[in-house]
S.K.: 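There's a structure below that I have some questions on.
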Amino acid sequence: MLAEDGVLLREGLVGLLGRCGHEVVAAVGDARALITAVEEHAPDIVVTDVRMPPGFQDEGLHAAVRLRRRNPALPVLVLSQYVQRTYAADLLDSGDGTGVGYLLKDRVGQIEEFMEALRKVADGGTVVDPEVVRQLLRRRRDPLERLTPREREVLALVAEGRSNSAIAGELVVSEAAIGKHVGSILAKLDLPPTAATHRRVLAVLAYLRA
């Protein structure tokens, strides 16, 4: 299910998703039509813009949160032109916090990353754009000051939804070393350790936006 008021981007996304093996059951241009279409088609995942008619404020986000209240298990991937901290927080607080994603529209141009984010959200994961993560990180100075530079680097990647093995590959270190860093980070932030990646992401993000 796709909701995007820009006709060119909407049609481009429909074509892209189709070429990648996804069926777009409906593509609409406003929040009211989004809610109606979701009720009619019961999609596996919703991809929606934040700003849509009539006010071009946060109608798409409000519709997504409303849909998640009705069906907390409905996966939703939100696309935004700009980083809006409150938008990300509202989305991540909807439902039970799983099966949600917040990406900047620029990320759509990176097709492999976009499709991977879509898959993760559809599977119940949590995906947050790296730029959103960076802005959330900049808003907290204590007790993040207790983290080493390497731990800050690892924290940013954790909050993006990366697994320990993926972070190890990115930083060219062993997975065991990343496991130690993550354990240290969670301890310093007073967060409980957990094996579930999306819950780890949610814990970190909840702390950062507190």
Side-chain angles (χ1 to χ4, degrees), residues 1-95 97-136 160-161 198 201 205:
M1 174 69 235
L2 175 64
E4 163 62 49
D5 67 287
V7 176
L8 289 178
L9 179 55
R10 184 170 69 239
E11 293 305 311
L13 283 170
V14 169
L16 173 62
L17 291 167
R19 289 194 300 273
C20 292
H22 300 285
E23 178 188 0
V24 180
V25 294
V28 300
D30 63 74
R32 183 174 298 178
L34 166 61
I35 292 175
T36 300
V38 169
E39 292 175 347
E40 178 181 353
H41 296 283
D44 296 318
I45 185 170
V46 171
V47 179
T48 180
D49 188 11
V50 168
R51 297 182 178 182
M52 289 195 292
F56 293 96
Q57 296 297 318
D58 51 8
E59 290 85 353
L61 174 67
H62 285 172
V65 173
R66 180 178 173 186
L67 289 168
R68 296 258 302 170
R69 288 199 187 105
R70 295 180 182 178
N71 180 9
L74 175 66
V76 174
L77 176 60
V78 167
L79 304 177
S80 178
Q81 189 70 44
Y82 308 102
V83 177
Q84 294 286 351
R85 184 173 178 267
T86 54
Y87 291 167
D90 287 346
L91 176 67
L92 291 167
D93 286 338
S94 66
T98 63
V100 293
Y102 182 101
L103 293 181
L104 296 183
K105 287 186 176 180
D106 289 346
R107 199 69 53 188
V108 176
Q110 301 173 28
I111 296 176
E112 291 185 1
E113 290 187 22
F114 175 61
M115 288 301 162
E116 177 64 13
L118 189 74
R119 183 194 64 76
K120 283 185 179 180
V121 172
D123 289 344
T126 304
V127 177
V128 183
D129 195 280
E131 183 58 30
V132 177
V133 173
R134 282 191 286 271
Q135 293 212 14
L136 290 173
E160 289 174 22
H198 69 269
V201 173
L205 290 174

S.K.: Just grab all the side-chain hydrogen bond (donor to acceptor under 3.5 Å, both in side chains) pairs involving residues 60-69, residues at least two apart or on different chains.
M.R.: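 As it turns out, the side-chain hydrogen bond (donor to acceptor under 3.5 Å, both in side chains) pairs with a partner in residues 60-69, which skip direct neighbours, are Asp58-His62, Arg68-Ser94.
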S.K.: Check Val38, Val78, Leu61 against Thr48 for a side-chain contact (heavy atoms from CB on, under 4.5 Å) and give me the one that passes.
M.R.: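 Filter result, single survivor: Val78.
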S.K.: Rounded to the nearest 0.5 Å, what separation is found between the CG atom of Leu17 and the CZ atom of Arg19?
M.R.: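 Nearest 0.5 Å value for the CG-CZ distance: 9.0 Å.
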S.K.: Is any side-chain heavy atom of Leu118 closer than 4.5 Å to one of Val127?
M.R.: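 SC-SC contact between Val127 and Leu118 ruled out.
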S.K.: Minimum heavy-atom separation for Ile45 and Ala122, please, with both atom names.
M.R.: CD1-N, 3.8 Å
S.K.: Can you name the nearest heavy-atom pair linking Gly124 to Thr98, along with the distance?
M.R.: O-CB, 3.5 Å
S.K.: With a 4.5 Å cut-off on side-chain heavy atoms, are Val100 and Val121 touching?
M.R.: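 Counting from C-beta outward, Val121 and Val100 never come under 4.5 Å.
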S.K.: Side chains of Met115 and Leu16, heavy atoms from C-beta outward: is any pair under 4.5 Å?
M.R.: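 With C-beta onward as the side chain, the pair touches.
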S.K.: Can you find a pair of side-chain heavy atoms, one from Leu2 and one from Val14, that are under 4.5 Å apart?
M.R.: yes
S.K.: Using side-chain contact (heavy atoms from CB on, under 4.5 Å) as the criterion, list what pairs up with Asn71, not counting sequence neighbours.
M.R.: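 So Asn71 forms a side-chain contact (heavy atoms from CB on, under 4.5 Å) with Ala73, Leu74.
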S.K.: For Ala63, give me all partners under side-chain contact (heavy atoms from CB on, under 4.5 Å), at least two apart in sequence or on another chain.
M.R.: Ala31, Leu34, Ile35
S.K.: Please report the closest heavy-atom contact between Arg51 and Asp49, naming both atoms and the distance.
M.R.: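 Answer, listing the atom of Arg51 first, then Asp49: O-OD2, 2.9 Å.
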S.K.: Sort and list the pairs that fulfil side-chain hydrogen bond (donor to acceptor under 3.5 Å, both in side chains) and have at least one residue in residues 22-41, not counting sequence neighbours.
M.R.: Glu39-Arg70
S.K.: Atom CG of Leu13 and atom CZ of Phe114: how far apart are they, to the nearest 0.5 Å?
M.R.: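 One gets 5.5 Å once the value is rounded to the nearest 0.5 Å.
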S.K.: Listing request: all salt bridge (charged side-chain N to carboxylate O under 4.0 Å, His left out) pairs with a residue in residues 4-15, at least two apart in sequence or in separate chains.
M.R.: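 Matches after skipping sequence neighbours: Glu4-Lys105.
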S.K.: Rounded to the nearest 0.5 Å, what separation is found between the CD atom of Gln110 and the CG atom of Leu103?
M.R.: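 These two atoms lie 10.0 Å from each other.
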S.K.: What pair of heavy atoms forms the shortest contact from Ala26 to Ala37, and how long is it?
M.R.: CB-CB, 4.2 Å
S.K.: Applying salt bridge (charged side-chain N to carboxylate O under 4.0 Å, His left out) as the test, list every pair that has at least one member in residues 117-128; sequence neighbours left out.
M.R.: Glu116-Arg119, Arg119-Asp123
S.K.: So, do Glu59 and Pro54 sit near enough that their side-chain heavy atoms are less than 4.5 Å apart?
M.R.: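 Answer yes - side chains close enough.
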S.K.: Just how far is it from atom OG of Ser80 to atom CG of Asp129, taken to the nearest 0.5 Å?
M.R.: 9.5 Å
